[in-house]
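Small disclaimer: the values here were computed from a predicted structure and weren't measured. Both backbone and side-chain heavy atoms feed into the values below; hydrogens, waters and symmetry mates do not. In this chain, numbering begins with 1 at the start of the sequence shown.
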Amino acid sequence: AVMPFRDGSFDVVYFKHSLHHIVPKEKAFGEAARLVRPGGKLIVIEPNLAHPYRRMTQDPENPLRKYKIVVQFMSPVETFQHAEELIGWGTSRGLTLEKLLYRESSYIRLSFKQKLQKIYRIFFRHILPEKYRYPNYFLMFRKPA
């Protein structure tokens, strides 16, 4: 659906762990890009499909997800993308990538799953690139002025 705003209405448009809930994702991303004013930013924080946990839970038909073995609840439309896919969506819409960071989520108390993810990240820090160690990524695009 088209948002009821003119092109370039906002200085910043922001997705924080929300794009993976939307269908169709690329269309929503394109609508966000349309709404950013020239010189403005589009920021995306999303689950990282390159991380092993995200790969295990990506497919709604995977038994680990379907029978809630490693996940509590995920809707059938929740799917994840690699950062490179979103970078492609941005550049195809004339956006310039300014920042790509791989990060953990911040929680006051870590769940067992999050503790395991942290151990995995620390254990493989000298072996695997960040892309494969962190469960989330942060992208910041700028629309050229």
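- The two residues R34 and K143 have their closest heavy-atom pair at O-NZ, 3.6 Å.
- Grouping the Ile, Leu, Val, Met, Phe, Trp and Tyr side chains by contacts below 4.5 angstrom, directly or via other members, places F15 apart from F138.
- Once rounded to the nearest 0.5 Å, the distance linking CG of L116 with CZ of R121 reads 13.0 Å.
- Here the closest heavy-atom approach between residue L19 and residue E46 is recorded as N-OE2, 2.9 Å.
- The line from OG of S9 to CZ of R37 is 11.5 Å long, rounded to the nearest 0.5 Å.
- Salt-bridge annotation for R93 and E26: present, with a side-chain N of the basic residue lying under 4.0 Å from a carboxylate O of the acidic one.
- Pairing each heavy atom of P60 with each of P76, the nearest pair is CG-O, 3.4 Å.
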Would you be so kind as to tabulate the donor-acceptor pairs closer than 3.5 Å made by side chains of residues 79-86, with sequence neighbours excluded?
from : atom 1 : to   : atom 2 : distance (Å)
T79  : OG1    : K25  : NZ     : 3.2
E84  : OE2    : K131 : NZ     : 3.0

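- Residues I45 and Y14 are in side-chain contact: their nearest non-hydrogen atoms beyond the backbone lie under 4.5 Å apart.
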Verdict with reasoning, R65 to K68, per side-chain contact (heavy atoms from CB on, under 4.5 Å): CA-CA 5 Å; R65 179 169 164 178; K68 298 180 173 77; over 6 Å; no
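- No continuous path of hydrophobic side-chain contacts links V13 to M140 [ILVMFWY only; heavy atoms under 4.5 Å].
- Placement of L49 and M56 within a single hydrophobic cluster is found when ILVMFWY residues are connected by side-chain heavy-atom separations under 4.5 Å, directly or transitively.
- At least one side-chain heavy atom of R133 sits under 4.5 Å from a side-chain heavy atom of R125.
- For M3, the CE atom sits in a loose shell: 12 or fewer heavy atoms of surrounding residues, nucleotides or ligands are nearer than 6.0 Å.
- In the hydrophobic clustering of this structure, L35 does not group with V12; members are Ile, Leu, Val, Met, Phe, Trp, Tyr whose side-chain heavy atoms approach within less than 4.5 Å, directly or through other members.
- For the atom pair F112 CZ and K115 NZ, the distance stands at 8.5 Å (nearest 0.5 Å).
- Side-chain contact check for W89 versus F141: every heavy-atom pair is 4.5 Å or farther apart.
- Side chains of R142 and L95 form no contact here, defined as non-hydrogen atoms less than 4.5 Å apart.
- Side-chain atoms of N136 never come within 3.5 Å of backbone atoms of N48 as a donor-acceptor pair (strictly under, hydrogens ignored).
- Counting heavy-atom neighbours within 6.0 Å of K113 NZ, excluding the residue itself, gives a total above 12.
- For the atom pair L100 CG and L139 CG, the distance stands at 5.5 Å (nearest 0.5 Å).
- Residues P135 and Q117 come closest through the heavy atom pair CG-OE1, 3.7 Å.
- For the pair P144 and G94, the tightest heavy-atom approach, listed with the atom from each and the gap, is CD-O, 3.0 Å.
- A 4.5 Å side-chain heavy-atom check between P47 and H17 finds at least one atom pair inside the cut-off.
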Steps toward salt bridge (charged side-chain N to carboxylate O under 4.0 Å, His left out) verdict (D11, K41): CA-CA 6 Å; D11 293 334; K41 295 179 182 180; over 6 Å; no
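- Distance check, rounded to the nearest 0.5 Å: CD of E78 to CD1 of I22 gives 11.5 Å.
- One distance of note links CG of L97 with CG of L42; it measures 10.5 Å at 0.5 Å rounding.
- Scanning all heavy atoms of the two residues, the minimum distance from V77 to V23 falls at CB-CG2, 3.6 Å.
- Test Y102, Y137, Y120 against H51 for ring pair (Phe, Tyr, Trp, His ring centres under 6.0 Å) and you get one pass: Y120.
- Aromatic pair F124/Y132: ring centres not closer than 6.0 Å.
- I43 and I87 are not part of a single hydrophobic cluster, where members link through side-chain heavy atoms under 4.5 Å apart.
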